[in-house]
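Each chain gets a letter, A, B and so on, in the order the sequences are listed, and its residues count up from 1. Remember, predicted model here, so these are calculated numbers, not experimental data.
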Amino acid sequence: MKHMLKGNSVTVRYGSHTAVDDLSFTLEQGQWLMLVGPNGAGKSTLIEAIAQGVPYTGRIELEGRDARAYKPAQLARKVGVLSQRHSVNYAYTVEEVVQLGRYAHTRRLFGGGDDEGEERVEQALERTGLNGMRRASVLTLSGGELQRVFLAQLFAQAPQVLLLDEPANHLDLVYQKQIFSIIREWLAQPGRAVLSVVHDLSLARAYGTHAVLMHHGRCVSQGPLDGVLTPENLQQVYGMDVYGWMQSLLKKWQAP
Amino acid sequence: MKNERLSVRTCLLLILLLMGTMLLCVCVGSVFIPPLDTCTALWNTLWGLEVPAGISRNIILNIRLPRVLNVALVGAALSLSGAAMQGLLRNPLADGSTLGVSSGASLGAVAALAFGVTIPGSAYGGTMLMAMVCAFLSLLLILFLAYALDKSLATNSIILIGVIFSMFASSVISLIISFAGEKVRSITFWTMGSLSGTGYAHTRILFMAMVLCGGVILRCSRELNAFAIGEDNARHIGVNVRRVKLIVLVAVSVLIGISVSVSGSIGFVGLVVPHMTRMLAGPNHRRLLPASMFFGAIFLLLADLAARTVLSPIELPIGVITSLVGAAAFVAIFYHSRKAG
(Lines give C-alpha, C1' and ligand atoms only; values in the text may rest on other atoms or scores of the structure.)
Protein backbone atom coordinates (compact mmCIF):
# COMPACT_ATOMS: atom_id res chain seq x y z
CA MET A 1 0.00 0.00 0.00
CA LYS A 2 1.18 3.50 -0.80
CA HIS A 3 1.75 5.76 2.17
CA MET A 4 -0.40 8.85 2.29
CA LEU A 5 2.51 10.86 3.53
CA LYS A 6 6.11 9.84 3.97
CA GLY A 7 9.10 11.84 5.14
CA ASN A 8 12.63 10.72 4.51
CA SER A 9 15.56 12.41 6.30
CA VAL A 10 13.73 15.73 6.42
CA THR A 11 16.04 18.48 7.65
CA VAL A 12 15.20 22.16 8.06
CA ARG A 13 17.85 24.74 8.87
CA TYR A 14 17.36 28.36 9.84
CA GLY A 15 20.82 29.77 9.37
CA SER A 16 23.07 27.80 11.68
CA HIS A 17 20.17 26.46 13.72
CA THR A 18 18.83 23.04 12.75
CA ALA A 19 15.11 23.05 13.56
CA VAL A 20 14.31 19.61 12.17
CA ASP A 21 17.17 17.15 12.04
CA ASP A 22 17.09 14.11 9.76
CA LEU A 23 13.55 13.12 10.60
CA SER A 24 11.71 10.26 8.90
CA PHE A 25 8.08 9.32 9.39
CA THR A 26 5.10 7.76 7.66
CA LEU A 27 1.40 8.50 7.80
CA GLU A 28 -1.18 5.95 6.65
CA GLN A 29 -4.87 6.14 5.95
CA GLY A 30 -7.02 6.43 9.05
CA GLN A 31 -4.13 7.38 11.30
CA TRP A 32 -3.98 10.40 13.55
CA LEU A 33 -0.32 11.02 14.09
CA MET A 34 0.51 13.24 17.03
CA LEU A 35 3.73 15.26 16.95
CA VAL A 36 4.73 15.78 20.56
CA GLY A 37 7.72 17.18 22.32
CA PRO A 38 8.79 20.24 24.31
CA ASN A 39 8.83 23.79 22.97
CA GLY A 40 11.38 24.31 20.22
CA ALA A 41 11.47 20.63 19.28
CA GLY A 42 10.73 21.52 15.64
CA LYS A 43 7.15 20.28 15.49
CA SER A 44 5.60 23.33 13.83
CA THR A 45 8.56 23.62 11.48
CA LEU A 46 7.98 20.07 10.31
CA ILE A 47 4.33 20.92 9.56
CA GLU A 48 5.44 23.96 7.54
CA ALA A 49 7.98 21.85 5.64
CA ILE A 50 5.29 19.34 4.68
CA ALA A 51 3.08 22.23 3.52
CA GLN A 52 6.05 23.46 1.44
CA GLY A 53 6.19 26.65 3.47
CA VAL A 54 9.87 26.43 4.40
CA PRO A 55 12.81 25.06 2.42
CA TYR A 56 14.05 21.66 3.54
CA THR A 57 16.43 18.95 2.48
CA GLY A 58 15.49 15.30 2.29
CA ARG A 59 12.32 14.08 0.69
CA ILE A 60 8.63 14.33 1.51
CA GLU A 61 6.33 12.11 -0.50
CA LEU A 62 2.63 12.60 -0.90
CA GLU A 63 0.92 9.48 -2.23
CA GLY A 64 4.24 8.28 -3.58
CA ARG A 65 5.08 11.50 -5.41
CA ASP A 66 7.61 14.12 -4.35
CA ALA A 67 5.71 16.89 -2.58
CA ARG A 68 7.93 19.49 -4.27
CA ALA A 69 6.53 18.46 -7.63
CA TYR A 70 3.00 19.51 -6.69
CA LYS A 71 1.75 22.91 -7.81
CA PRO A 72 0.30 25.01 -4.95
CA ALA A 73 -3.31 24.29 -5.93
CA GLN A 74 -2.62 20.58 -6.47
CA LEU A 75 -1.02 20.38 -3.06
CA ALA A 76 -3.96 22.20 -1.48
CA ARG A 77 -6.37 19.63 -2.88
CA LYS A 78 -4.43 16.91 -1.04
CA VAL A 79 -3.17 18.64 2.09
CA GLY A 80 -4.87 21.23 4.27
CA VAL A 81 -3.32 23.18 7.12
CA LEU A 82 -4.89 24.67 10.22
CA SER A 83 -2.66 27.12 12.05
CA GLN A 84 -2.58 27.87 15.69
CA ARG A 85 -3.77 31.44 15.54
CA HIS A 86 -5.44 33.67 13.02
CA SER A 87 -5.45 37.42 13.09
CA VAL A 88 -7.97 38.98 10.76
CA ASN A 89 -7.82 42.60 9.65
CA TYR A 90 -10.86 43.05 7.47
CA ALA A 91 -14.54 42.43 8.06
CA TYR A 92 -15.03 39.38 5.87
CA THR A 93 -18.08 37.28 6.64
CA VAL A 94 -17.76 33.75 7.96
CA GLU A 95 -19.17 32.46 4.68
CA GLU A 96 -16.63 34.35 2.57
CA VAL A 97 -13.71 32.91 4.51
CA VAL A 98 -15.10 29.39 4.24
CA GLN A 99 -15.79 29.79 0.51
CA LEU A 100 -12.13 30.63 -0.06
CA GLY A 101 -11.40 27.04 0.89
CA ARG A 102 -12.68 26.13 -2.57
CA TYR A 103 -9.93 28.16 -4.22
CA ALA A 104 -7.88 25.17 -5.31
CA HIS A 105 -10.92 23.53 -6.88
CA THR A 106 -11.94 26.39 -9.16
CA ARG A 107 -10.51 26.81 -12.61
CA ARG A 108 -8.10 29.69 -12.89
CA LEU A 109 -9.02 31.51 -16.02
CA PHE A 110 -12.77 31.89 -16.02
CA GLY A 111 -13.61 31.05 -12.42
CA GLY A 112 -16.45 28.64 -11.83
CA GLY A 113 -16.04 25.00 -12.76
CA ASP A 114 -16.56 24.00 -9.16
CA ASP A 115 -19.83 22.10 -9.25
CA GLU A 116 -19.78 20.70 -5.76
CA GLY A 117 -18.39 23.87 -4.19
CA GLU A 118 -21.57 25.24 -2.71
CA GLU A 119 -22.55 21.89 -1.27
CA ARG A 120 -19.11 21.48 0.32
CA VAL A 121 -19.30 24.92 1.87
CA GLU A 122 -22.75 24.15 3.27
CA GLN A 123 -21.53 20.86 4.71
CA ALA A 124 -18.51 22.53 6.25
CA LEU A 125 -20.63 25.23 7.89
CA GLU A 126 -23.03 22.56 9.12
CA ARG A 127 -20.31 20.31 10.50
CA THR A 128 -18.62 23.10 12.45
CA GLY A 129 -21.90 24.52 13.75
CA LEU A 130 -21.45 27.87 12.01
CA ASN A 131 -24.69 27.88 10.06
CA GLY A 132 -26.28 30.45 12.28
CA MET A 133 -23.45 32.95 12.02
CA ARG A 134 -22.54 32.73 8.35
CA ARG A 135 -23.21 36.43 7.80
CA ALA A 136 -21.27 37.50 10.88
CA SER A 137 -18.06 39.48 10.42
CA VAL A 138 -14.98 37.52 11.41
CA LEU A 139 -13.81 40.58 13.35
CA THR A 140 -16.57 40.04 15.89
CA LEU A 141 -15.81 36.39 16.63
CA SER A 142 -14.14 34.88 19.67
CA GLY A 143 -10.94 32.87 19.35
CA GLY A 144 -12.82 29.59 19.48
CA GLU A 145 -15.34 30.66 16.85
CA LEU A 146 -12.58 31.95 14.60
CA GLN A 147 -10.75 28.66 14.85
CA ARG A 148 -13.96 26.88 13.85
CA VAL A 149 -14.28 29.20 10.83
CA PHE A 150 -10.84 28.18 9.58
CA LEU A 151 -11.60 24.55 10.34
CA ALA A 152 -14.72 24.94 8.17
CA GLN A 153 -12.57 26.48 5.44
CA LEU A 154 -10.34 23.44 5.71
CA PHE A 155 -13.30 21.08 5.34
CA ALA A 156 -14.52 23.05 2.32
CA GLN A 157 -11.05 22.64 0.85
CA ALA A 158 -11.65 18.88 1.18
CA PRO A 159 -8.06 17.66 1.43
CA GLN A 160 -7.15 14.08 2.29
CA VAL A 161 -4.52 14.93 4.85
CA LEU A 162 -5.01 17.50 7.60
CA LEU A 163 -1.97 19.16 9.12
CA LEU A 164 -2.89 20.81 12.40
CA ASP A 165 -0.53 23.07 14.27
CA GLU A 166 -1.78 23.14 17.84
CA PRO A 167 -5.29 23.81 16.62
CA ALA A 168 -6.78 24.32 20.07
CA ASN A 169 -3.89 25.59 22.08
CA HIS A 170 -5.27 28.88 23.29
CA LEU A 171 -8.86 27.74 23.54
CA ASP A 172 -10.97 26.86 26.53
CA LEU A 173 -11.39 23.21 27.35
CA VAL A 174 -14.89 23.08 25.87
CA TYR A 175 -13.70 24.47 22.54
CA GLN A 176 -10.64 22.23 22.49
CA LYS A 177 -12.83 19.22 22.90
CA GLN A 178 -15.27 20.49 20.30
CA ILE A 179 -12.54 20.98 17.71
CA PHE A 180 -10.92 17.61 18.32
CA SER A 181 -14.23 15.80 18.24
CA ILE A 182 -15.14 17.41 14.91
CA ILE A 183 -11.79 16.33 13.49
CA ARG A 184 -12.18 12.78 14.80
CA GLU A 185 -15.54 12.58 13.06
CA TRP A 186 -13.95 13.81 9.82
CA LEU A 187 -11.23 11.18 10.08
CA ALA A 188 -13.76 8.36 10.26
CA GLN A 189 -14.25 8.49 6.45
CA PRO A 190 -11.87 6.26 4.46
CA GLY A 191 -8.89 7.76 2.61
CA ARG A 192 -8.11 10.39 5.21
CA ALA A 193 -5.35 11.02 7.73
CA VAL A 194 -4.39 13.66 10.27
CA LEU A 195 -1.02 14.89 11.44
CA SER A 196 -1.12 17.30 14.32
CA VAL A 197 1.13 19.10 16.71
CA VAL A 198 -0.19 19.05 20.24
CA HIS A 199 1.26 20.35 23.42
CA ASP A 200 -1.05 18.64 25.79
CA LEU A 201 0.04 15.01 26.05
CA SER A 202 -3.27 13.93 27.49
CA LEU A 203 -4.94 15.33 24.39
CA ALA A 204 -2.53 13.36 22.21
CA ARG A 205 -3.29 10.28 24.27
CA ALA A 206 -7.06 10.73 24.00
CA TYR A 207 -7.35 11.37 20.25
CA GLY A 208 -4.21 10.08 18.52
CA THR A 209 -3.48 6.68 17.07
CA HIS A 210 0.26 7.14 16.52
CA ALA A 211 2.89 9.56 17.74
CA VAL A 212 6.28 10.98 16.93
CA LEU A 213 8.15 12.22 19.97
CA MET A 214 10.59 14.98 19.05
CA HIS A 215 13.41 16.59 20.94
CA HIS A 216 15.79 19.24 19.58
CA GLY A 217 14.62 18.53 16.05
CA ARG A 218 15.29 14.81 16.26
CA CYS A 219 12.91 11.92 16.57
CA VAL A 220 13.24 10.18 19.93
CA SER A 221 10.60 7.57 19.37
CA GLN A 222 7.74 6.88 16.97
CA GLY A 223 5.01 4.36 16.34
CA PRO A 224 1.68 3.47 17.93
CA LEU A 225 0.78 5.79 20.77
CA ASP A 226 1.34 3.36 23.62
CA GLY A 227 4.86 2.54 22.57
CA VAL A 228 5.86 6.19 22.29
CA LEU A 229 4.32 7.90 25.29
CA THR A 230 6.04 5.69 27.85
CA PRO A 231 7.31 6.98 31.20
CA GLU A 232 10.92 6.37 30.13
CA ASN A 233 10.64 8.26 26.83
CA LEU A 234 8.87 11.19 28.39
CA GLN A 235 11.30 11.37 31.26
CA GLN A 236 14.14 11.50 28.77
CA VAL A 237 12.63 14.30 26.70
CA TYR A 238 10.93 16.49 29.25
CA GLY A 239 13.29 15.79 32.13
CA MET A 240 10.41 15.34 34.57
CA ASP A 241 7.56 12.98 35.26
CA VAL A 242 5.03 14.19 32.71
CA TYR A 243 3.67 10.67 32.32
CA GLY A 244 1.85 10.67 35.61
CA TRP A 245 0.61 14.15 34.93
CA MET A 246 -0.70 13.08 31.52
CA GLN A 247 -2.49 10.11 33.02
CA SER A 248 -4.21 12.27 35.59
CA LEU A 249 -5.34 14.75 32.94
CA LEU A 250 -6.56 12.07 30.57
CA LYS A 251 -9.88 11.84 32.36
CA LYS A 252 -10.92 15.28 31.19
CA TRP A 253 -11.20 14.10 27.58
CA GLN A 254 -13.16 11.01 28.46
CA ALA A 255 -15.90 12.72 30.42
CA PRO A 256 -19.23 12.73 28.57
CA MET B 1 -19.73 31.89 -5.92
CA LYS B 2 -23.08 33.41 -5.25
CA ASN B 3 -23.65 37.05 -4.32
CA GLU B 4 -19.98 37.90 -4.20
CA ARG B 5 -20.05 40.30 -7.15
CA LEU B 6 -21.68 43.70 -7.34
CA SER B 7 -25.33 43.39 -8.32
CA VAL B 8 -26.38 44.62 -11.76
CA ARG B 9 -28.42 47.36 -10.13
CA THR B 10 -25.45 48.65 -8.15
CA CYS B 11 -23.28 48.58 -11.27
CA LEU B 12 -25.82 50.60 -13.26
CA LEU B 13 -26.14 53.05 -10.40
CA LEU B 14 -22.36 53.52 -10.24
CA ILE B 15 -22.11 53.98 -14.00
CA LEU B 16 -24.91 56.57 -13.95
CA LEU B 17 -23.29 58.36 -11.04
CA LEU B 18 -19.96 58.46 -12.88
CA MET B 19 -21.54 59.67 -16.13
CA GLY B 20 -23.44 62.34 -14.24
CA THR B 21 -20.28 63.56 -12.52
CA MET B 22 -18.39 63.62 -15.79
CA LEU B 23 -21.16 65.62 -17.45
CA LEU B 24 -21.15 68.06 -14.55
CA CYS B 25 -17.39 68.47 -14.83
CA VAL B 26 -17.53 69.10 -18.56
CA CYS B 27 -20.28 71.71 -18.13
CA VAL B 28 -18.93 73.66 -15.16
CA GLY B 29 -15.90 75.88 -15.48
CA SER B 30 -14.87 79.42 -16.26
CA VAL B 31 -17.54 79.33 -18.99
CA PHE B 32 -20.72 77.48 -18.08
CA ILE B 33 -22.05 75.25 -20.82
CA PRO B 34 -25.65 74.00 -20.56
CA PRO B 35 -25.71 70.20 -20.16
CA LEU B 36 -27.97 69.84 -23.16
CA ASP B 37 -25.42 71.61 -25.37
CA THR B 38 -22.70 69.35 -24.06
CA CYS B 39 -24.74 66.25 -24.78
CA THR B 40 -25.57 67.51 -28.28
CA ALA B 41 -21.93 68.23 -29.02
CA LEU B 42 -20.78 64.84 -27.75
CA TRP B 43 -23.58 62.94 -29.49
CA ASN B 44 -23.11 64.65 -32.82
CA THR B 45 -19.33 64.26 -32.75
CA LEU B 46 -19.65 60.61 -31.85
CA TRP B 47 -21.74 59.96 -34.97
CA GLY B 48 -19.76 62.29 -37.19
CA LEU B 49 -22.53 64.90 -37.42
CA GLU B 50 -22.11 68.63 -37.62
CA VAL B 51 -22.12 70.38 -34.23
CA PRO B 52 -24.62 73.28 -34.34
CA ALA B 53 -23.08 76.73 -34.29
CA GLY B 54 -23.40 78.50 -30.95
CA ILE B 55 -22.12 75.52 -28.99
CA SER B 56 -18.54 75.93 -27.81
CA ARG B 57 -17.29 72.80 -29.50
CA ASN B 58 -13.68 73.70 -28.84
CA ILE B 59 -14.08 74.07 -25.08
CA ILE B 60 -16.10 70.90 -24.77
CA LEU B 61 -14.14 68.57 -26.99
CA ASN B 62 -10.61 69.89 -26.89
CA ILE B 63 -10.24 71.28 -23.41
CA ARG B 64 -12.72 69.89 -20.92
CA LEU B 65 -13.51 66.40 -22.20
CA PRO B 66 -9.94 65.11 -22.42
CA ARG B 67 -9.18 66.52 -19.01
CA VAL B 68 -12.29 64.98 -17.50
CA LEU B 69 -11.49 61.61 -19.06
CA ASN B 70 -7.92 61.77 -17.77
CA VAL B 71 -9.04 62.76 -14.29
CA ALA B 72 -11.51 59.89 -14.18
CA LEU B 73 -8.92 57.39 -15.38
CA VAL B 74 -6.23 58.59 -12.97
CA GLY B 75 -8.73 58.54 -10.09
CA ALA B 76 -9.79 55.01 -10.97
CA ALA B 77 -6.19 53.84 -11.35
CA LEU B 78 -4.99 55.34 -8.06
CA SER B 79 -7.95 54.01 -6.15
CA LEU B 80 -7.77 50.54 -7.69
CA SER B 81 -4.05 50.34 -6.96
CA GLY B 82 -4.62 51.42 -3.38
CA ALA B 83 -7.34 48.83 -2.86
CA ALA B 84 -5.15 46.10 -4.34
CA MET B 85 -2.15 47.04 -2.21
CA GLN B 86 -4.22 47.23 0.97
CA GLY B 87 -5.41 43.70 0.29
CA LEU B 88 -2.11 42.28 -0.88
CA LEU B 89 -0.08 43.68 2.00
CA ARG B 90 -2.95 43.11 4.40
CA ASN B 91 -2.43 46.59 5.65
CA PRO B 92 -5.10 49.29 5.54
CA LEU B 93 -2.38 51.95 5.53
CA ALA B 94 -0.86 50.79 2.27
CA ASP B 95 -1.60 52.39 -1.07
CA GLY B 96 -0.19 52.47 -4.56
CA SER B 97 2.71 54.62 -3.42
CA THR B 98 3.74 52.25 -0.62
CA LEU B 99 5.99 50.37 -2.98
CA GLY B 100 7.92 53.55 -3.77
CA VAL B 101 7.19 53.55 -7.48
CA SER B 102 5.30 56.85 -7.40
CA SER B 103 8.27 58.53 -5.74
CA GLY B 104 10.47 57.09 -8.45
CA ALA B 105 8.16 58.49 -11.11
CA SER B 106 8.14 61.88 -9.38
CA LEU B 107 11.91 61.86 -9.27
CA GLY B 108 12.06 61.23 -13.01
CA ALA B 109 9.59 64.00 -13.78
CA VAL B 110 11.30 66.50 -11.50
CA ALA B 111 14.66 65.69 -13.06
CA ALA B 112 13.15 66.18 -16.51
CA LEU B 113 11.74 69.58 -15.51
CA ALA B 114 14.93 70.70 -13.80
CA PHE B 115 17.31 69.64 -16.53
CA GLY B 116 14.99 70.59 -19.34
CA VAL B 117 14.49 67.16 -20.87
CA THR B 118 11.91 67.67 -23.59
CA ILE B 119 10.60 65.89 -26.60
CA PRO B 120 10.20 68.23 -29.56
CA GLY B 121 6.59 69.00 -30.36
CA SER B 122 5.15 67.94 -27.03
CA ALA B 123 5.15 70.18 -24.00
CA TYR B 124 4.89 67.44 -21.40
CA GLY B 125 6.36 64.54 -23.38
CA GLY B 126 9.81 64.67 -21.81
CA THR B 127 8.46 64.82 -18.28
CA MET B 128 6.10 61.96 -18.93
CA LEU B 129 8.68 59.78 -20.57
CA MET B 130 11.20 60.36 -17.80
CA ALA B 131 8.57 59.66 -15.16
CA MET B 132 7.65 56.37 -16.79
CA VAL B 133 11.24 55.28 -17.26
CA CYS B 134 12.09 56.11 -13.66
CA ALA B 135 8.95 54.39 -12.38
CA PHE B 136 9.98 51.26 -14.19
CA LEU B 137 13.59 51.46 -13.00
CA SER B 138 12.41 51.98 -9.42
CA LEU B 139 10.20 48.93 -9.68
CA LEU B 140 13.13 46.84 -10.88
CA LEU B 141 15.39 48.18 -8.16
CA ILE B 142 12.82 47.68 -5.39
CA LEU B 143 11.99 44.13 -6.47
CA PHE B 144 15.68 43.32 -6.83
CA LEU B 145 16.39 44.62 -3.33
CA ALA B 146 13.38 42.79 -1.90
CA TYR B 147 14.50 39.54 -3.53
CA ALA B 148 18.08 39.96 -2.40
CA LEU B 149 16.87 40.51 1.15
CA ASP B 150 14.38 37.70 1.20
CA LYS B 151 13.66 35.22 -1.59
CA SER B 152 10.06 34.74 -0.56
CA LEU B 153 9.19 38.44 -1.13
CA ALA B 154 8.02 38.86 2.45
CA THR B 155 5.46 41.60 2.95
CA ASN B 156 7.44 43.38 5.62
CA SER B 157 10.56 43.66 3.50
CA ILE B 158 8.50 45.06 0.61
CA ILE B 159 6.94 47.74 2.81
CA LEU B 160 10.28 48.58 4.41
CA ILE B 161 12.12 48.87 1.11
CA GLY B 162 9.26 50.86 -0.41
CA VAL B 163 9.25 53.37 2.43
CA ILE B 164 13.03 53.71 2.44
CA PHE B 165 13.15 54.11 -1.32
CA SER B 166 10.42 56.79 -1.14
CA MET B 167 12.46 58.72 1.40
CA PHE B 168 15.56 58.40 -0.74
CA ALA B 169 13.71 59.62 -3.85
CA SER B 170 12.16 62.52 -1.91
CA SER B 171 15.53 63.66 -0.68
CA VAL B 172 16.97 63.53 -4.20
CA ILE B 173 13.96 65.59 -5.35
CA SER B 174 14.66 68.13 -2.61
CA LEU B 175 18.28 68.20 -3.67
CA ILE B 176 17.33 68.90 -7.28
CA ILE B 177 14.85 71.59 -6.19
CA SER B 178 17.46 73.37 -4.10
CA PHE B 179 19.60 73.76 -7.21
CA ALA B 180 16.74 74.35 -9.61
CA GLY B 181 16.70 78.15 -9.47
CA GLU B 182 13.86 79.69 -11.43
CA LYS B 183 12.33 76.31 -12.27
CA VAL B 184 11.26 75.73 -8.67
CA ARG B 185 7.77 77.02 -9.36
CA SER B 186 6.95 74.60 -12.13
CA ILE B 187 8.51 71.71 -10.22
CA THR B 188 6.61 72.46 -7.04
CA PHE B 189 3.39 72.80 -8.97
CA TRP B 190 3.99 69.46 -10.61
CA THR B 191 4.73 67.65 -7.35
CA MET B 192 1.34 68.79 -6.06
CA GLY B 193 -0.39 67.28 -9.04
CA SER B 194 -2.33 68.81 -11.88
CA LEU B 195 -4.21 67.57 -14.89
CA SER B 196 -4.54 70.87 -16.68
CA GLY B 197 -3.40 70.77 -20.26
CA THR B 198 -3.56 66.99 -20.61
CA GLY B 199 -4.97 65.74 -23.88
CA TYR B 200 -6.25 62.70 -25.70
CA ALA B 201 -2.74 61.28 -26.07
CA HIS B 202 -2.67 60.89 -22.29
CA THR B 203 -6.16 59.40 -22.36
CA ARG B 204 -5.06 56.69 -24.74
CA ILE B 205 -2.08 55.68 -22.61
CA LEU B 206 -4.08 55.76 -19.38
CA PHE B 207 -6.89 53.80 -20.96
CA MET B 208 -4.55 51.12 -22.24
CA ALA B 209 -2.82 50.82 -18.87
CA MET B 210 -6.19 50.62 -17.18
CA VAL B 211 -7.47 47.86 -19.45
CA LEU B 212 -4.29 45.82 -19.17
CA CYS B 213 -3.15 46.29 -15.59
CA GLY B 214 -6.60 47.01 -14.19
CA GLY B 215 -7.81 43.83 -15.86
CA VAL B 216 -4.97 41.83 -14.33
CA ILE B 217 -5.72 43.22 -10.87
CA LEU B 218 -9.45 42.56 -11.17
CA ARG B 219 -8.69 38.99 -12.21
CA CYS B 220 -6.76 38.54 -8.98
CA SER B 221 -9.78 39.38 -6.77
CA ARG B 222 -9.98 35.96 -5.20
CA GLU B 223 -6.26 35.83 -4.55
CA LEU B 224 -6.40 39.29 -3.00
CA ASN B 225 -9.19 38.11 -0.71
CA ALA B 226 -6.94 35.28 0.38
CA PHE B 227 -4.03 37.67 0.98
CA ALA B 228 -6.25 40.07 2.91
CA ILE B 229 -7.25 37.25 5.25
CA GLY B 230 -3.65 36.15 5.68
CA GLU B 231 -0.70 35.23 3.54
CA ASP B 232 -0.11 31.88 5.23
CA ASN B 233 -3.75 31.03 4.86
CA ALA B 234 -3.54 31.99 1.18
CA ARG B 235 -0.65 29.59 0.69
CA HIS B 236 -2.48 26.84 2.56
CA ILE B 237 -5.56 27.06 0.36
CA GLY B 238 -3.41 26.74 -2.75
CA VAL B 239 -2.63 30.29 -3.89
CA ASN B 240 0.72 30.61 -5.65
CA VAL B 241 1.71 33.31 -3.21
CA ARG B 242 4.94 34.49 -4.78
CA ARG B 243 3.62 34.63 -8.31
CA VAL B 244 0.43 36.48 -7.41
CA LYS B 245 2.39 38.99 -5.35
CA LEU B 246 4.76 39.66 -8.21
CA ILE B 247 1.93 40.02 -10.75
CA VAL B 248 -0.05 42.42 -8.57
CA LEU B 249 3.02 44.48 -7.66
CA VAL B 250 4.03 44.89 -11.30
CA ALA B 251 0.47 45.75 -12.40
CA VAL B 252 0.11 48.31 -9.61
CA SER B 253 3.50 49.83 -10.39
CA VAL B 254 2.71 50.29 -14.06
CA LEU B 255 -0.63 51.91 -13.23
CA ILE B 256 0.91 54.19 -10.64
CA GLY B 257 3.91 55.04 -12.80
CA ILE B 258 1.73 56.05 -15.72
CA SER B 259 -0.76 57.94 -13.55
CA VAL B 260 1.97 59.92 -11.82
CA SER B 261 3.62 60.67 -15.14
CA VAL B 262 0.37 62.18 -16.44
CA SER B 263 -0.93 63.96 -13.38
CA GLY B 264 1.94 64.47 -10.98
CA SER B 265 1.73 62.95 -7.55
CA ILE B 266 -1.78 63.10 -6.16
CA GLY B 267 -1.93 61.95 -2.60
CA PHE B 268 -4.68 60.43 -0.54
CA VAL B 269 -6.94 59.02 -3.27
CA GLY B 270 -5.37 55.60 -3.16
CA LEU B 271 -5.45 55.50 0.62
CA VAL B 272 -8.82 56.97 1.48
CA VAL B 273 -11.14 55.99 -1.34
CA PRO B 274 -10.66 52.23 -0.91
CA HIS B 275 -11.22 52.74 2.82
CA MET B 276 -14.51 54.51 2.33
CA THR B 277 -15.52 51.99 -0.31
CA ARG B 278 -14.77 49.15 2.08
CA MET B 279 -17.16 50.66 4.58
CA LEU B 280 -19.90 50.62 1.95
CA ALA B 281 -19.18 47.49 -0.07
CA GLY B 282 -17.38 45.28 2.45
CA PRO B 283 -13.87 43.89 2.15
CA ASN B 284 -14.54 41.32 -0.58
CA HIS B 285 -12.34 42.37 -3.50
CA ARG B 286 -14.85 41.18 -6.07
CA ARG B 287 -17.00 44.11 -5.02
CA LEU B 288 -14.34 46.33 -3.49
CA LEU B 289 -12.09 46.62 -6.56
CA PRO B 290 -14.71 47.68 -9.14
CA ALA B 291 -16.49 49.90 -6.63
CA SER B 292 -13.18 51.56 -5.69
CA MET B 293 -12.54 52.34 -9.34
CA PHE B 294 -15.86 54.13 -9.70
CA PHE B 295 -15.55 56.03 -6.43
CA GLY B 296 -11.94 56.92 -7.16
CA ALA B 297 -12.92 58.38 -10.51
CA ILE B 298 -15.86 60.31 -9.03
CA PHE B 299 -13.80 61.58 -6.09
CA LEU B 300 -10.99 62.86 -8.27
CA LEU B 301 -13.42 64.41 -10.77
CA LEU B 302 -15.05 66.43 -7.99
CA ALA B 303 -11.63 67.34 -6.57
CA ASP B 304 -10.50 68.52 -9.98
CA LEU B 305 -13.71 70.50 -10.41
CA ALA B 306 -13.07 72.19 -7.09
CA ALA B 307 -9.43 72.80 -8.00
CA ARG B 308 -10.35 74.77 -11.09
CA THR B 309 -13.49 76.57 -9.87
CA VAL B 310 -13.13 77.44 -6.19
CA LEU B 311 -10.58 80.23 -6.63
CA SER B 312 -11.15 80.75 -10.35
CA PRO B 313 -9.34 82.04 -12.33
CA ILE B 314 -6.50 80.73 -10.14
CA GLU B 315 -6.19 76.97 -10.46
CA LEU B 316 -5.25 75.07 -7.34
CA PRO B 317 -3.11 71.93 -7.46
CA ILE B 318 -5.46 68.97 -7.35
CA GLY B 319 -3.28 67.19 -4.78
CA VAL B 320 -4.00 69.99 -2.32
CA ILE B 321 -7.74 69.50 -2.72
CA THR B 322 -7.63 65.71 -2.43
CA SER B 323 -5.59 65.86 0.75
CA LEU B 324 -7.65 68.66 2.32
CA VAL B 325 -11.03 67.18 1.49
CA GLY B 326 -9.88 63.60 1.80
CA ALA B 327 -8.42 64.06 5.26
CA ALA B 328 -11.47 65.89 6.56
CA ALA B 329 -13.92 63.43 5.03
CA PHE B 330 -11.93 60.51 6.26
CA VAL B 331 -11.76 61.73 9.83
CA ALA B 332 -15.49 62.46 9.80
CA ILE B 333 -16.43 59.06 8.41
CA PHE B 334 -13.96 57.18 10.56
CA TYR B 335 -15.19 58.73 13.79
CA HIS B 336 -18.78 58.33 12.77
CA SER B 337 -18.35 54.65 12.01
CA ARG B 338 -16.42 54.08 15.23
CA LYS B 339 -19.22 55.63 17.25
CA ALA B 340 -21.90 53.71 15.39
CA GLY B 341 -20.09 50.36 15.50
Above 12 or not: heavy atoms from other molecules or residues under 6.0 Å from CZ of F144(B)?
no
Quick one: which of G282(B), G87(B), P92(B) has the most heavy-atom pairs under 4.5 Å with chain A, could you say?
P92(B)
Got a second to check how far L100(A)'s CG is from N225(B)'s CG, nearest 0.5 Å?
5.5 Å
Please look at R235(B) and chain A and tell me whether the side chain, the backbone, both or neither of the residue comes under 4.5 angstrom of a heavy atom of that chain.
side chain
Using non-hydrogen atoms only, which part of N233(B) is less than 4.5 Å away from chain A: side chain, backbone, both, or neither?
side chain
Evaluate whether atom CZ of R13(A) has more than 12 neighbouring non-hydrogen atoms of other residues, nucleotides or ligands under 6.0 angstrom away.
no
Do you know which two heavy atoms are closest between R222(B) and Y103(A), and how far apart they sit?
NH2-CA, 3.0 Å
Looking only at atom types and distance, does a side-chain atom of Y92(A) sit under 3.5 Å from a main-chain N or O of P283(B), one as donor and one as acceptor?
yes
Measuring heavy-atom distances to chain B, does Y70(A) have an atom under 4.5 Å in its side chain, in its backbone, in both, or in neither?
neither
Any sub-3.5 Å donor-acceptor pair from Q157(A)'s side-chain atoms to H236(B)'s backbone N or O?
yes
Mind checking the NE2-CD1 spacing from H86(A) to I229(B)? Nearest 0.5 Å is all I need.
11.0 Å
Region of V241(B) in contact with chain A, defined by heavy-atom distances below 4.5 Å:
neither
Counting only non-hydrogen atoms closer than 4.5 Å, does T93(A) touch chain B with its backbone (N, CA, C, O), its side chain (CB onward), both, or neither?
neither
Please classify the contact between Q52(A) and chain B as side chain, backbone, both or neither, with a heavy-atom cut-off of under 4.5 Å.
backbone
Sub-4.5 Å side-chain heavy-atom contact between R242(B) and P72(A):
no
